[in-house]
Visitor: 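Following this message is one structure expressed as structure tokens.
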Amino acid sequence: MRKPIVAGNWKMNKSVGEAVELASGIKIDLADCVNVDVVLCPPFTALKAVGDVISGTVMKLGAQNMHWEKEGAYTGEVCAGMLRDLYCRYVILGHSERRAYFHEPDETINLKVKAAIVGAITPILCVGETLEEREGNKTEQVVSAQVRACLKDVGEGAASIVVAYEPVWAIGTGRTATPEQAQEVHALSRGLLADIFDKKTADSIRIQYGGSMKPGNAKELMSQPDIDGGLIGGAALDAGSFVEIVRAAFHNAASEGN
Ligand code: 13P
């Protein structure tokens, strides 16, 4: 049975003080959610402060990006070692906003995934199609190409990877994929993972859904057989909403006997 994972992607929001306040609010409420991995991904500037707040709790720290090299002349970048220094256990890679606004191709996302594994940080690899691609019946083709290219030559450590299916048309739009739409792509992705690695590895990889997940739809989405949690944007900026989503994952996991 896969342990669900709910991660809050705070994107470019929150000053250090605001981040501490948000993380502190979440900390109080989550004391009993032990069968769900809960990850907070604040901006780089707030990693240390949020890490201090959640130290000793069930929550883990995640970053929103990293460079694939170990060090060097890469102005403005941070590497896996620097993130680990701050006790980051996860890193979001290949988010559609980075693909769209910063032109990140699958090739460099693949380098990052491999560097994260080597650096003992769990990559959360984001994939997903645009509205135009969905309407052109290209979802399967696009997601397959992304998964294959981003996981190329990933060997050891594959089972620890987290994949996040985030249909671009559902991100920040309030328009969520239906549980059936999401499940279809999750099942497709798991099949691909079995093809790339093997069935055992594919069965252990968590696949999160992301895109306007909120307290009102989280339970239904996460009760789908191949949806193992959520990558939450907007709703993660509110402690109460985020906690409700974690609780939905907790109850699903408990009812499935995790
Ligand atoms: P929203 O939850 O705001 O749609 O964002 C999803 C997302 O991009 C998480 O990475």
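All residue numbers refer to positions in the sequence shown, counting from 1. Please read all numbers here as calculations on a predicted model, not as lab measurements. When a ligand or atom number is given, it counts from 1 through the structure's own listing order.
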Visitor: Quick check: K11 and ligand 1, any N/O pair under 3.5 Å apart?
Guide: yes
Visitor: Could you tell me whether ligand 1 has any atom less than 4.0 Å away from a heavy atom of A170?
Guide: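 For ligand 1, residue contact (heavy atoms, under 4.0 Å) with A170 is present.
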Visitor: Please check if atom NZ in K219 has more than 12 non-hydrogen atoms from other residues, nucleotides or ligands closer than 6.0 Å.
Guide: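 No, because the 6.0 Å sphere around NZ of K219 holds 12 heavy atoms or fewer from other groups.
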Visitor: Applying side-chain contact (heavy atoms from CB on, under 4.5 Å), can you list everything that pairs with T139, at least two apart in sequence or on another chain?
Guide: E129, R134, V143, Y165, V185
Visitor: Around atom 3 (O) of ligand 1, find the nearest protein heavy atom and jot down its residue, atom name and distance.
Guide: G234 N, 2.8 Å
Visitor: Sequence neighbours excluded, which residues qualify as side-chain contact (heavy atoms from CB on, under 4.5 Å) partners of A7?
Guide: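 Listed in chain order: V39, I124, Q208, L231.
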Visitor: Around atom 7 (C) of ligand 1, find the nearest protein heavy atom and jot down its residue, atom name and distance.
Guide: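 Sorting protein heavy atoms by distance from atom 7 (C) of ligand 1 puts E166 OE2, 3.2 Å first.
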Visitor: Among all the protein's non-hydrogen atoms, which is closest to atom 2 (O) of ligand 1, and how far away is it?
Guide: G233 N, 2.9 Å
Visitor: By number and element, which atoms of ligand 1 are closer than 4.0 Å to a non-hydrogen atom of G211?
Guide: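 Once the distances to G211 are compared, the set is 4 (O), 6 (C).
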Visitor: Report the part of N9 (side chain from C-beta onward, or backbone N, CA, C, O) that has a heavy atom under 4.0 Å from ligand 1; answer both or neither where that applies.
Guide: side chain
Visitor: Same cluster or not: F197 versus I109, using hydrophobic residues (I, L, V, M, F, W, Y) connected whenever any side-chain heavy atoms lie under 4.5 Å apart?
Guide: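 Cluster IDs for F197 and I109 match.
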Visitor: Does any N or O of ligand 1 fall below 3.5 Å from an N or O anywhere on G172, backbone included?
Guide: yes
Visitor: Does the residue K214 have a heavy-atom contact with ligand 1, meaning some pair of atoms that are separated by less than 4.0 Å?
Guide: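 The answer is no, since K214 has no heavy atom less than 4.0 Å from ligand 1.
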Visitor: State whether E104 and R99 are salt-bridged, where the test is any N-O pair (Lys NZ or Arg NE/NH1/NH2 against Asp/Glu carboxylate O) under 4.0 Å.
Guide: no
Visitor: Could you check which of P167, S96, S212 puts a non-hydrogen atom nearest to atom 1 (P) of ligand 1?
Guide: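 Answer by nearest heavy atom: S212.
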Visitor: Does ligand 1 have any atom that is closer than 4.0 Å to a heavy atom of A235?
Guide: no
Visitor: Going by distance only, is there an N or O of E97 that falls short of 3.5 Å from an N or O of ligand 1?
Guide: no
Visitor: Taking the basic N atoms (NZ, or NE/NH1/NH2) and the acidic carboxylate oxygens, is any pair closer than 4.0 Å for R148 and D195?
Guide: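 Yes, charged N to carboxylate O under 4.0 Å.
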Visitor: Does a donor on one side chain and an acceptor on the other come within less than 3.5 Å for H186 and Q224?
Guide: no
Visitor: Check for me whether R98 meets the cation-pi criterion with F102, that is, NZ or CZ under 6.0 Å from the six-membered ring centre and within 45 degrees of the ring axis.
Guide: yes
